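Note that the coordinates shown come from a computational prediction; the quantities given were computed from them, not determined experimentally. Just so you know, ligand 1 is whichever comes first in the structure, and atom 1 is the first atom listed for that ligand. In what follows, residues are counted from 1 in the order of the sequence shown. Heavy atoms only: backbone and side chains are in, while hydrogens, waters and symmetry mates are out.
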Amino acid sequence: MERLQKVIAQSGVTSRRKAEELMKQGKVSVDGVIITELGFKVKSGAQIIVEGKQINKESKVYYVMNKPKKSLCTLNDEHSRLTVIDVMGVKERVFPVGRLDYDTTGVLIMTNDGEFANQIIHPSFHIPKTYEVHIDGIFETDQIKEMEKGITLDDGIKTLPAKVWITNKDFSKKLTTFDLTIQEGRNRQVKRMCEYFGFEVKRLHRKKLGFLTVDGLRQGEYRLLKPFEIKQLKRLANEGKLS
Ligand code: URA
């Protein structure tokens with residue numbers, strides 16, 4: 001924690017002495033509260049406004065990560081398990097856009113842009129997501145058709161039309177691998193869609209979110225999104241808006 005006037009001076013908007021004067025005049029606020037006390041210390045990331053202007057606005061960053069197995073999409077965990085924030089270790093205060101389960105790997109966007117995150121995960125936006133799914137059983141043709149048409153999950157909600165592409169059927173081991181493209185992102189949706197037919201998901205990897213992949217990234221690796229990718233994702237979210 002640093003003294004407020006020092007943080008203001010370091011941001012380059014004014015000198016430390018001028019910052020103190022502005023504080024005394026009630027022209028400085030921290031997280032919405034006017035601060036006149038010169039000994040006041042601020043936490044990093046606090047919102048500081050000097051004469052109506054935010055001085056320390058963190059610039060927006062957008063990453064795509066190949067989420068590793070055994071990591072949580074939460075900001076912190078009471079059992080000290082690894083989170084995707086720990087995996088990233090960047091200076092910006094990023095958070096995951098949506099959730100993948102503890103054991104799921106693959107495409108995960110990390111950002112500090114809340115508005116963008118809401119656009120991507122809002123239920124009324126339908127960005128296609130493709131998962132590579134490994135199940136313990138033989139996925140029969142009539143079951144595939146049923147899944148593609150839409151099934152009613154345990155909470156009574158019917159899934160939107162989906163696409164299944166079988167990539168392997170191992171009759172001796174009774175295992176099926178397939179790509180599944182869904183338009184929604186309900187809680188544990190893929191696992192629940194498989195449970196509907198009595199299958200257990202052995203492995204789950206998100207291959208694609210819209211056009212975005214983790215090609216070239218190993219588990220735990222990440223890269224900055226390119227400006228055109230951010231633009232395209234925003235456009236896709238808007239195009240996919242059904243209601
Ligand atoms: N569906 C699931 O069941 N789990 C995930 O992690 C993602 C989609």
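- For Arg81 and Tyr102, the positive end sits near the middle of the six-membered ring, less than 6.0 Å away and at most 45° from its axis.
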If you look only at distance, which donor and acceptor atoms sit under 3.5 Å apart when one is on a side chain in residues 190-205 and the other is two or more places apart or in another chain?
from: Lys191; atom 1: NZ; to: Asp101; atom 2: OD2; distance (Å): 2.8
from: Arg192; atom 1: NE; to: Asn187; atom 2: O; distance (Å): 3.0
from: Arg192; atom 1: NH1; to: Asp154; atom 2: OD1; distance (Å): 2.6
from: Arg192; atom 1: NH1; to: Asp155; atom 2: OD2; distance (Å): 3.3
from: Arg192; atom 1: NH2; to: Asn187; atom 2: O; distance (Å): 3.1
from: Glu195; atom 1: OE2; to: Arg188; atom 2: NH2; distance (Å): 2.7
from: Tyr196; atom 1: OH; to: Glu146; atom 2: OE2; distance (Å): 2.8
from: His205; atom 1: ND1; to: Thr105; atom 2: OG1; distance (Å): 2.7

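- With a 4.5 Å cut-off between side-chain heavy atoms of Ile, Leu, Val, Met, Phe, Trp and Tyr, the cluster of Ile138 takes in Phe171.
- Side-chain contact annotation: Tyr131 with Asp179, donor-acceptor N/O pair under 3.5 Å absent.
- Contact shell of ligand 1 (protein heavy atoms, cutoff 4.0 Å): Leu100, Asp101, Thr104, Tyr131, Arg188, Gln189, Val190, Lys191, Leu204.
- For Arg218, the salt bridge (Lys or Arg N to Asp or Glu O under 4.0 Å) criterion is met by Glu221, not counting sequence neighbours.
- Side-chain atoms of Thr83 and Asp86 include a donor-acceptor pair closer than 3.5 Å.
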